[in-house]
Structure formats: structure tokens, C-alpha cells
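Quick notes on the structure that follows.
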Amino acid sequence: MERQELFNYIIKWADHSLILGQRLGEWCGHGPALEEDIALTNISLDLIGQARSLLTYAGEVEGKGRDEDQLAFFRDVRDFKNPLLAELPNGHFGDTVVRQFFSDHFLFLAYEAMMEQSSDEQLKAIAAKSIKEVAYHRKHSSDWIVRLGDGTEESQAKIQQSVDDIWEFTGELFTMDDNDRLALEAGVGIDVSLLRDAWLKNVQTVFEAATINMPDAEAWMQQGGKQGLHTEYLGYILAEMQHIPRAYPNAQW
Amino acid sequence: MVIENKENTIKEVWKLLEKVEDPEVPVLDVVNMGVARDVFFEEEKLIVVITPTYSGCPAMDVIGHNVKVALKEAGFEDYEVRTTLSPPWTTDWLTPIARQRLKEYGIAPPEDGTPDKGRLLSEDKVIPCPNCNSKNTTMVSIFGSTSCKAHYKCKDCLEPFDYFKCI
Ligand SMILES: [Zn+2]
């Protein structure tokens with residue numbers, strides 16, 4: 001597989017974790033309870049740690065001397081390849097829980113496939129490391145789905161609305177673009193389209209326990225993030241995330 | 001520093017590493033918590049390999065720095081600290097000494113075995129209180145004061161406590 005294609009492939013995974021981690025970080029100091037504030041920022045820290053490993057590796061593969069910081073802070077909107085789901089606003093706590101729940105269930109299956117199937121030693125190592133952390137994230141978001149869904153009339157109505165609103169951003173997770181297919185043929189990447197059935201089944205299991213109605217799996221789905229075509233939200237995320245290093249390039253702690 | 005016997009030097013370095021603490025849980029050292037993975041020579045250069053507990057663990061940079069300081073203070077000149085991700089760190093690597101020290105420090109050590117990653121929804125494990133040994137405890141949050149801990153409380157002595165969770 002050509003360097004540039006492999007770089008593009010790794011960047012997609014890195015950006016998913018980085019942007020979602022940055023989003024969760026916005027909850028710091030604003031969580032609905034102290035314990036949950038700490039939980040959301042713990043998950044954010046794990047995701048940003050995973051992104052650091054992936055970005056560092058992407059920089060090595062590219063071979064142009066870019067490190068994790070240069071890749072995180074000095075790329076612009078079109079260069080980011082995260083799925084749209086990762087950049088959605090936090091909304092209310094239920095919206096954040098649903099976004100996280102969909103992502104956790106996807107990343108768990110994706111890392112499981114990657115550690116078993118990828119021929120790339122470093123991607124395998126990052127997947128094997130990350131899945132242990134994602135297992136806790138998935139447990140946490142699944143517990144909240146049940147607690148809110150099988151909760152009060154108000155929490156049930158709100159979480160069902162969040163599920164219905166965010167559902168259209170889940171399809172993109174399972175799409176295979178040209179770069180994904182190249183990575184799959186090279187034995188490096190995984191076929192994310194094959195993960196969808198297991199994902200739907202796991203999501204449904206939790207929704208049943210939560211008395212949440214499963215949306216239509218065949219519904220029309222948004223996409224574009226993996227090709228660098230983003231919602232208007234990403235620019236604002238980058239503005240906040242990148243402001244300091246762009247204002248003071250080469251600043252050191 | 002002239003190194004005469006590499007095998008003995010490696011043994012000395014392992015002893016040295018037992019004095020490098022985890023900045024977040026200072027009763028743990030990098031050897032007994034399983035963060036120091038390997039010590040060897042590449043020609044004349046001493047290599048120390050470390051692995052992070054969690055991907056985002058902010059203590060890793062400090063640990064890497066402290067290992068370098070320990071080596072420098074011991075007189076080493078040609079050395080390198082490398083980080084590896086594979087095999088991924090697991091709480092199974094905490095030695096019995098580390099577990100005992102955690103308990104004395106007031107942190108419940110991990111209950112044996114890594115969690116079943118296949119589970120979606122399930123009951124939580126019973127974690128004995130490190131203060132009074134009661135098993136009448138409850139989990140407050142699966143995430144705690146650092147990446148490696150969950151937050152519990154004891155229903156008998158009423159103390160909150162940290163649990164060093166399994167990964
Ligand atoms: Zn107690």
C-alpha cells in the first residue's frame with residue numbers, strides 16, 4: 001500500500017478519536033454531576049490518548065517529519081477525515097450519551113476486527129490497547145442508555161428523541177470508500193460494512209432493556225466526513241482546539 | 001561510566017527502576033506495576049522499554065522523564081527510554097507487592113482477572129472496602145480520579161474509596 005494511502009487510512013481513525021475526545025472535553029466543569037463530569041473527561045482522555053498513538057504513527061508513515069501535534073493543530077477542516085457523528089454538538093446530556101453509545105459500540109467492533117485481521121503490527125497494537133479502554137466506555141454509555149430510557153417519562157421521551165435525531169449519522173460508520181477498499185485489499189484495513197449487523201444487534205439489545213424504539217435501519221443516512229466534507233460544526237471545534245498553537249507556533253510546555 | 005559486565009548492569013538497572021515511582025500513585029514503582037517491560041543493551045547503548053497503563057495516561061511523560069533522571073544520576077551516559085504498546089498493559093501484571101501496597105494506601109487492588117469484554121450490561125463485581133474489609137460496597141462510577149481507577153463507596157464504614165480497575 002502506498003504511503004499516502006496508508007497515511008489517509010490511519011488519519012480517519014485518528015480523527016474519529018481526536019474530534020470526539022475534544023467534544024467530550026467541552027463537558028469539563030459542566031457535567032450533570034461531579035461523577036459524570038469526571039467520567040466524560042476520563043473517556044475524553046482515553047480517546048485523545050488513542051488519537052495521539054494513531055497520529056504519531058500516521059506521521060511516521062507519511063515520512064515528512066510531521067508529529068502528532070502538527071497533525072492535530074495544523075491541518076484544516078478539509079484535511080480532517082472523522083465521521084460526522086464525532087463532530088456533532090454535545091447538545092444536552094442525553095444527546096452526548098447517545099452519540100457516545102453509537103460510537104463506542106462501533107469502535108469496539110472495529111478495534112476487535114483490526115486486532116484480529118490487520119497485517120499492520122502498529123495498527124494491531126493500537127487496536128489491542130484501545131479496545132480495553134473502549135470496553136469500559138461502551139459499558140458506561142450502555143448503562144446510561146438503560147437508565148435514561150427506562151427512567152422517568154421525561155428522560156424516556158428525551159433519550160428517544162436523541163436516538164431519532166442522531167440515527168442518521170450512524171450509517172457513515174459502515175461505509176467503505178476507495179481508500180478503505182485499498183487498505184482492505186492490502187490486508188491492513190478492515191471491512192467496516194461487515195460490522196453493521198453485529199452493531200445493530202448490540203444496539204437493539206440495549207434499546208430493548210431501555211424501552212427505546214429502534215429506528216429504521218434502512219433510513220436515509222448522512223455522510224461526507226470521511227471524505228473531508230464536514231458539517232459547519234467542525235470549523236468551530238478546530239478554532240478552539242487549534243487557537244493556541246496557531247497563535248504561538250512552536251510554544252512548549 | 002565504563003560497563004564491564006552487561007548482565008550485572010541490567011540487574012542493577014532493574015533495581016534502580018524499583019525506585020522510580022508512579023507520580024499519581026506514589027506507592028507504586030514502575031517495576032511492580034508492570035510499566036517497565038524490558039532492559040537490554042543495543043551495542044553499548046542501554047535501552048529501557050516502558051508501556052503506558054492507559055493510552056491517555058498523563059503520567060507517562062513524567063515516568064519516562066524520571067527513568068532518564070534515575071539513569072543519569074546513576075552515572076549512565078548512553079541510554080534511551082522507548083515506549084511500546086504491545087502487548088498492551090494489563091492489571092494482571094501488578095505484582096503481589098504492588099497489590100499489598102495499594103490496599104495499605106487505601107486503594108482497593110484489582111480483583112483477579114480481566115473483565116469479560118463481551119458483556120454489554122451486567123452486574124458489577126464485589127469489591128471489598130480497603131478500610132474495613134466489608135463486602136457491602138457499591139460502585140459510584142466506573143471512572144474515577146485517574147484513568148486507572150473506579151469510584152466506590154462502603155456502605156458499612158461509609159468511606160468513599162478508589163478501586164484500581166481491571167484492564
Ligand atoms: Zn468500609
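Residue numbers start from 1 in every chain, and the chains themselves are labelled A, B, ... in the order their sequence lines are given, proteins ahead of strands.
- At a 4.5 Å heavy-atom cutoff, the contact between B:T146 and chain A is made by backbone atoms alone.
- Contact between A:K132 and B:I167 at its shortest, heavy atoms only, is NZ-C, 3.4 Å.
- With rounding to the nearest 0.5 angstrom, the OH atom of A:Y136 is 5.5 Å from the SG atom of B:C166.
- In this structure, A:N42 CG and B:K149 NZ are separated by 10.0 Å, a value rounded to the nearest 0.5 Å.
- Within 6.0 Å of the NE2 atom in A:H92, the count of heavy atoms belonging to other residues, nucleotides or ligands exceeds 12.
- In the displayed structure, B:E44 atom CD is contacted under 6.0 Å by at most 12 heavy atoms of other residues, nucleotides or ligands.
- Residue A:Q122 holds its CD atom at 5.5 Å from CG of B:L85, rounded to the nearest 0.5 Å.
- Taking A:S53, A:A39, A:G21 one by one and counting their heavy-atom pairs under 4.5 Å with chain B, the maximum is reached by A:A39.
- For B:K6, the NZ atom is densely surrounded, since the number of other residues' heavy atoms within 6.0 Å is greater than 12.
- Both the backbone and the side chain of B:P52 come within contact range of chain A, judged by heavy atoms closer than 4.5 Å.
- Considering all non-hydrogen atoms of both residues, A:K129 and B:T53 come closest at NZ-O, 2.8 Å.
- The greatest number of non-hydrogen atom pairs below 4.5 Å with chain A, out of B:G144, B:C57, B:S145, is found for B:G144.
- Taking CE of B:M60 as the start and CZ of A:R52 as the end, the distance is 10.0 Å to the nearest 0.5 Å.
- Within a 6.0 Å radius of CD in A:E116, other residues, nucleotides and ligands contribute more than 12 heavy atoms.
- Considering OG of B:S86 and CD of A:E121, their distance stands at 7.5 Å, rounded to 0.5 Å.
- B:S55 and A:E133 share a side-chain donor-acceptor pair at under 3.5 Å.
- Minimum interatomic distance between B:S147 and A:L45 (heavy atoms only, all atoms of both residues): OG-CD2, 3.5 Å.
- Relative orientation of the B:F143 and A:H137 rings is tilted, given thresholds of 30° and 60° on the angle between their planes.
- The neighbour count for A:R147 CZ, taken as heavy atoms of other residues, nucleotides or ligands under 6.0 Å away, does not exceed 12.
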